> 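Mind looking over this structure? Questions follow.
Model, not experiment: these values are computed from the prediction.
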Amino acid sequence: MILFNKYIVPKGFVGITLFPFIFLKCYSLKDDSILLNHEQIHLTQQKELLVVFFYLWYGIEYLVRLFQYRNRREAYRNVSFEREAYNNETNLEYIKKRPNWAFLKYL
């Protein structure tokens with residue numbers, strides 16, 4: 001389900017996925033198929049890891065990457081879940097063919 005709320009989406013971002021919702025900063029983004037595909041990849045990842053483990057893994061990996069890169073943006077972009085989503089966001093068929101645990105390839 002897609003919802004629109006500029007206050008939930010962090011500054012510098014246009015969308016965020018908090019299972020089972022995709023929050024977009026503004027209504028005009030609802031037609032951005034690449035953004036929606038990126039966020040749907042995150043929904044798939046969250047379901048795969050039973051939501052709680054996704055957030056736990058994401059948080060730990062983000063902290064490791066932050067220590068590694070010493071830059072919040074670099075840390076965020078190098079979290080395995082984000083790498084998978086960014087690398088496949090333009091492939092609108094990706095979710096249909098995505099193998100289980102595909103994010104592990106991006107560790």
> Check the orientation of His38 and His42. Use parallel for under 30°, tilted for 30 to 60°, and perpendicular for over 60°.
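Perpendicular.
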
> Taking the basic N atoms (NZ, or NE/NH1/NH2) and the acidic carboxylate oxygens, is any pair closer than 4.0 Å for Arg83 and Glu61?
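No salt bridge links Arg83 with Glu61.
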
> Checking side-chain hydrogen bond (donor to acceptor under 3.5 Å, both in side chains) for the pair Glu82/Tyr106: CA distance, chi angles, key distance, verdict?
CA-CA 9 Å; Glu82 294 299 339; Tyr106 298 93; over 6 Å; no

> Looking only at heavy atoms, what is the nearest atom pair of Asn88 and Asn37, with distance?
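Heavy-atom minimum between the residues: O-ND2, 3.3 Å.
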
> Step by step, work out the side-chain contact (heavy atoms from CB on, under 4.5 Å) result for Ile41 and Ile95.
CA-CA 7 Å; Ile41 291 169; Ile95 292 175; 3.9 Å; yes

> Would a 4.5 Å heavy-atom cut-off, applied to side chains only, mark Trp101 and Leu49 as touching?
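A side-chain contact exists here, since the closest heavy-atom pair is under 4.5 Å.
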
> Are the charged groups of Arg77 and Glu74 less than 4.0 angstrom apart, N to O?
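Salt bridge between Arg77 and Glu74, a charged N being under 4.0 Å from a carboxylate O: no.
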
> Do Tyr69 and Val64 have side chains that approach each other closer than 4.5 Å (heavy atoms only, starting at C-beta)?
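Result no, sub-4.5 Å side-chain heavy-atom pair not found.
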
> Without hydrogens or angle criteria, can the side chains of Tyr94 and Glu84 be said to hold a donor-acceptor pair below 3.5 Å?
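Judged by distance alone, the side chains do pair up.
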
> Donor-acceptor pair, distance only, cut-off 3.5 Å: does the side chain of Gln46 make one with the backbone of Val51?
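Pair absent, no side-chain N/O of Gln46 close to backbone of Val51.
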
> Is the Lys NZ or Arg CZ of Arg73 less than 6.0 Å from the centre of Phe13's six-membered ring, within 45° of the axis?
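Cation-pi check for Arg73 and Phe13: passes.
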
> Is the distance between the ring centroids of Phe54 and Phe81 under 6.0 Å?
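Yes; Phe81 has its ring centre under 6.0 Å from that of Phe54.
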
> Does Phe53 have more than 12 heavy atoms from other residues, nucleotides or ligands lying within 6.0 Å of its CZ?
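No, because the 6.0 Å sphere around CZ of Phe53 holds 12 heavy atoms or fewer from other groups.
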
> Return the minimal non-hydrogen interatomic distance between Leu92 and Ser33, and the atom names on each side.
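The pair with the smallest heavy-atom distance is CD2-O, 3.8 Å.
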
> Will you find, in the side chains of Tyr76 and Asn71, an N or O donor that is under 3.5 Å from an N or O acceptor?
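No pair is found: no donor N or O on one side chain lies under 3.5 Å from an acceptor on the other.
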
